[in-house]
Amino acid sequence: MKSKIAGWVVASFVISGLIGTVMAADIIKIGFHAPLTGFAASDGKSATEGATLAVSQINAAGGVLGNALELVVYDDEAKPAQAIPIANKLIGQDKVVVGISGSYSGATRSAAGIFQEAKTPYISAYGIHPDITRAGEYVFRTSFLGHVQGKAGAKLLGEMMGKKKVVTITLQNDFGQSLAAGFAEMAPAYGIDIVGAYQYSIKDRQFGAIVAKVKSDNPDAIYASGYYFTAGPLVSQLRAAGVACPIVGQEGYDSQKFIEIAGAAAEGIIITTSLDRDSQVPETADFISAFEAQAGFKADMVAASGHTAVMVAADAIRRAGSTDSGKVLAAMKATDLKVSTGTIRFNALGEVMKAVQIQVVKDGNWHHYAVIDDPDLLAPPEK
């Protein structure tokens, strides 16, 4: 069911016909906000499809505590100003048991404080800013901090690939700056010399000035942050100008849309992310096949992250044996769950602890390259 409410799109998904004895009226509501329109709509669609798949799978298996899950979805357009009233509506009107952000850091940071104040558990599926979980104990994150992923990028380039002369190209927002900070922190430990550091706006699609500077720097490799819609043009223009060195990106590239936009230039691009397309682990392989059958397009990190967050929420409610927020909170803190993006465990700050997947574009698709599973390197902050 979809309707327009006060400028937001809300969609409620209840798949109760598959449950047998579970009555449609017996529901547990999970709140979900994502950018279904605007510049990030492709990511919002993937995240929502992943979350919807999780709900349908859980309900088909009998629901949670004998009840069906209902996913209540609002469009936040990736805007912080939209996320605040949406959070209030999910808590006050919809009375969700758990809230989930399938959105970017700005919208997630804004909503996190609302959920914390209401003492309603809240999960950031893939927003990376450190302040998200610092809102309080009711806020969790099931994907990596940008800073942690940046450190993994330094290990990948400096130690695993042996590249020492590196240029960084940084998107000027929370995402890009967090990644760049983590990379710069660990670069010396892996013998990396950052010979050039350039920044760009999320609105930029023409990168001539940066490309010219990178050619002059003649680096061994490039560490470039961005989303698929900025990284696609950036990579394409670098390759067109004859810059042939390895380019390492991050989960913002993790979409088939990036490959479509970059075209032949996407081949060989390497990223740090959460989803291994070639995994034989049942939770990952089954998710990928089920998602692509439902959605009609290839699974990506954002889709897997939306799916993961719902699975974590349902698992916590199940183990709590209750929808009481305090009991769900306690259960969520004790999470130890294998899902499509790895095994989810949280530290004291609600940050996830799991391995980083490395993917590479081969023959027009993302494939396994390596895994970084270094607890000392990847340990998120405890406070």
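Counting begins at 1 with the first residue of the sequence.
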With rounding to the nearest 0.5 Å, note down the distance linking [atom1] in [X] to [atom2] in [Y].
| X | Y | atom1 | atom2 | answer |
| --- | --- | --- | --- | --- |
| Gln280 | His368 | CD | NE2 | 11.0 Å |
| Leu69 | Ile28 | CG | CD1 | 6.0 Å |
| Ser325 | Lys119 | OG | NZ | 8.0 Å |
| Leu157 | Phe183 | CG | CZ | 5.0 Å |
| Asn173 | Ser178 | CG | OG | 8.5 Å |
| Thr48 | Leu71 | OG1 | CG | 7.5 Å |

Donor-acceptor side-chain pairing of [X] and [Y] below 3.5 angstrom:
| X | Y | answer |
| --- | --- | --- |
| Gln250 | Gln149 | no |
| Tyr104 | Asp174 | no |
| His147 | Glu185 | yes |

Is a side-chain N or O of [X] found less than 3.5 angstrom from the main chain of [Y], in a donor-acceptor match?
| X | Y | answer |
| --- | --- | --- |
| Ser110 | Gly106 | yes |
| Glu267 | Asp363 | yes |
| Asp26 | Asn67 | no |
| Gln359 | Arg277 | yes |
| Asp131 | Arg134 | no |
| Lys215 | Ala241 | yes |
| Asp75 | Leu36 | yes |
| Ser105 | Ile128 | yes |
| Thr335 | Leu337 | no |
| Gln116 | Glu137 | yes |

Enclosure of [X] [atom1] (heavy-atom neighbours >12, cutoff 6.0 Å):
| X | atom1 | answer |
| --- | --- | --- |
| Lys257 | NZ | no |
| Lys165 | NZ | yes |
| Lys213 | NZ | no |
| Glu292 | CD | yes |

According to a 4.5 Å side-chain heavy-atom criterion applied to Ile, Leu, Val, Met, Phe, Trp and Tyr, with indirect links allowed, do [X] and [Y] form part of one hydrophobic cluster?
| X | Y | value |
| --- | --- | --- |
| Phe229 | Ile247 | yes |
| Leu234 | Tyr223 | yes |
| Phe140 | Met311 | yes |
| Leu179 | Val356 | yes |

Specify the closest pair of heavy atoms between [X] and [Y], including all atoms of both residues, with the distance to one decimal.
| X | Y | value |
| --- | --- | --- |
| Ser340 | His307 | OG-ND1, 3.9 Å |
| Ala78 | Ala107 | C-CB, 4.2 Å |
| Arg318 | Gly63 | NH2-O, 4.0 Å |
| Ala152 | Ile372 | O-CD1, 3.4 Å |
| Ser225 | Tyr253 | C-CE1, 4.3 Å |
| Pro219 | Cys245 | O-CB, 3.8 Å |

Before accepting this row, confirm whether a basic side-chain N of the pair [X]/[Y] lies closer than 4.0 Å to the acidic partner's carboxylate O.
| X | Y | result |
| --- | --- | --- |
| Arg319 | Asp315 | yes |
| Asp374 | Lys151 | no |
| Arg345 | Asp336 | yes |

Co-members of the apolar cluster containing Phe291 [side chain, <4.5 Å]: Leu53, Leu275, Phe287, Ile288, Phe297
Other ILVMFWY residues reachable from Val371 by side-chain steps of under 4.5 Å: none
Hey, does [Y] have a side-chain heavy atom less than 4.5 Å from the side chain of [X]?
| X | Y | value |
| --- | --- | --- |
| Ser56 | Gln294 | yes |
| Val281 | Lys338 | yes |
| Val96 | Tyr122 | no |
| Met161 | Ile270 | yes |
| Ile271 | Met301 | no |
| Ile317 | Lys327 | no |
| Ile269 | Val235 | yes |
| Pro380 | Met353 | yes |

Side chain to side chain contact (heavy atoms under 4.5 Å, CB included) between Ser101 and His33, worked out: CA-CA 5 Å; Ser101 169; His33 63 96; 3.5 Å; yes
Verdict with reasoning, Gln256 to Ile259, per side chain to side chain contact (heavy atoms under 4.5 Å, CB included): CA-CA 5 Å; Gln256 201 67 21; Ile259 297 173; 3.9 Å; yes
Pair Phe115 + Tyr138: ring centers closer than 6.0 Å: no
Check: Phe175 ring centre within less than 6.0 Å of Tyr227 ring centre: yes
Can you tell which of [options] makes a side-chain contact (heavy atoms from CB on, under 4.5 Å) with [X]?
| X | options | result |
| --- | --- | --- |
| Val166 | Ile192, Asp220, Asp193 | Ile192 |
| Ile222 | Val248, Asp217, Ile169 | Ile169 |
| Lys354 | Asp373, Leu378, Thr341 | Thr341 |

Pair Asp94-Tyr74, side chain to side chain donor-acceptor pair (under 3.5 Å): steps then yes or no: CA-CA 11 Å; Asp94 300 312; Tyr74 286 93; 2.9 Å; yes
Geometric class of the Phe207/Tyr200 ring pair [parallel <30°, tilted 30-60°, perpendicular >60°]: perpendicular
Evaluation steps, side chain to side chain contact (heavy atoms under 4.5 Å, CB included), between Phe346 and Val312: CA-CA 11 Å; Phe346 297 114; Val312 168; 4.1 Å; yes
Intermediate values then yes/no, side chain to side chain contact (heavy atoms under 4.5 Å, CB included), Thr230 and Asp204: CA-CA 7 Å; Thr230 61; Asp204 291 342; over 6 Å; no
